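Reading through the structure tokens given below for one structure.
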Amino acid sequence: MAVDLAPSPDVAEVARRTATFIREVVIPVEERHRGVVRSEDVRWQLQQAAKQAGIFAPHVAREYGGLGLDLLGRAAVFEEAGYSLLGPLALNVAAPDEGNMHLLEAVATGEQKERYLRPLAAGEVRSCFAMTEPAPGAGSDPSALSTRATRVDEGWRIDGRKWFITGADGAGFAICMARTSGRPGEAGGATMFLVDAGNPGMKTVRHIDTLDESLYGGHVELVFDDCVVGADAVLGEVDQGFRHAQVRLGPARMTHCMRWLGIARRAQDIAVARAAERRLFGSRLGELGMVQQMIADNEIDIAASRGLILRACWELDRKESASQSTAIAKTFCAEAIWRVVDRAVQICGALGISGDVLLSRYLREVRPFRIYDGPSETHRWAIARRVLRRHDARAAR
């Protein structure tokens, strides 16, 4: 079967307009704020500008104000949005909101979509996904989930502690994963709950100081203490939380890759411009063999990353499992994007580690990608297990 991974003319036009918007509107704001924004006024202004440009929420169904792009379409547009750290925020495709919109669109009831998805898609509120817990709770191994939800007369009571919850500061609601049956270490028994920010049982413990700073709303530690929600707060079915989370997991990994690929391209462009203009040892920096190798290796990593993303998105759009393809793409992209930005810093030398360009900020931002959404080691373990299972199945025939 032929695989056509080229964007349609309509998608290509949205990507072109996104690239222009990022260059003319977003990058000046990014440079003014050094890539880190915590202002609701700035967020609102960027998002209003994206709406006026007709590129806002490209991933959401038209019914909820978006452009309804499939994952292959998103790949082209998200990469252009990711060319600036603030681009995803401007288009409302930043994590974790983008993944939560995808999840709500696929799993939520009609009433939940109106209450949570519609305002989220419009940029009227933000959200967070409360899954990760301090050790020994859920992290790379979600079955270690220890936060528990217990049935009560009013609905459910949630008790537990979450940490590294991206975007929690100022979020209008959380999607909280809690155990409704079984014990930590068992594979099933999780349920997702919609918890409004005003719930007195959900409290912020602290803002975690981290290497990266650009993700809006920071990384927060939350405690759920006698947090009571109604029966209508269940997202999906009881005890099916891990299954429903798979709806979010693969696509969210790919959209992370798309956005960070944009930053890799930005870093490469900065490095190439420097190599073309800087003169030393009697020639341009870009004419030196070792610099040419770094430029070439960056191009290879960027092209390979894009190819792996597109292949995984093609499988996801066809409703295939894509577990192997998304794991491969996520692992490779997380490491390749780091290599690209690191080489760009090296090519630029003292300029690269200075505050005169944003390369050092990009380096800090992309490094955690090798940990969140599954560390590279966990993905490699899963990839190898699938390969061995495939071998064993063939051998048994």
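None of these values were measured; they are calculated from a predicted model.
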Indicate yes or no: does [X] engage [Y] in a salt bridge with an N to O separation below 4.0 Å.
X      : Y      : value
Arg43  : Glu40  : yes
Arg161 : Glu221 : yes
Arg361 : Glu30  : no
Asp169 : Arg38  : no
Asp196 : Arg115 : yes
Glu80  : Arg265 : yes

To the closest 0.5 Å, what do you measure between [atom1] ([X]) and [atom2] ([Y])?
X      : Y      : atom1 : atom2 : result
Phe281 : Glu287 : CZ    : CD    : 14.0 Å
Leu89  : Gln47  : CG    : CD    : 5.5 Å
Ile302 : Arg339 : CD1   : CZ    : 11.5 Å

Between the main-chain N or O of Ser321 and the side-chain N or O of Glu315, is there a donor-acceptor pair closer than 3.5 Å?
-> no
Within the distance-only criterion (no hydrogens, no angle test), does the side chain of Gln268 pair as donor or acceptor with the backbone N or O of Ile295 below 3.5 angstrom?
-> yes
Do [X] and [Y] form a cation-pi contact, if we require the NZ or CZ to be under 6.0 Å from the six-membered ring centre and within 45 degrees of the ring's axis?
X      : Y      : result
Arg157 : Phe193 : no
Arg126 : Tyr216 : no
Lys330 : Phe369 : yes

Donor + acceptor pair across side chains of Ser8, Asp10 (<3.5 Å) |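 There is no such pair (donor and acceptor under 3.5 Å, judged by atom type) between the side chains of Ser8 and Asp10.
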Do the side-chain N and O atoms of Arg248 and Asn100 include a donor-acceptor pair separated by under 3.5 angstrom?
->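 The criterion, which ignores hydrogens and geometry beyond distance, is satisfied for Asn100 and Arg248.
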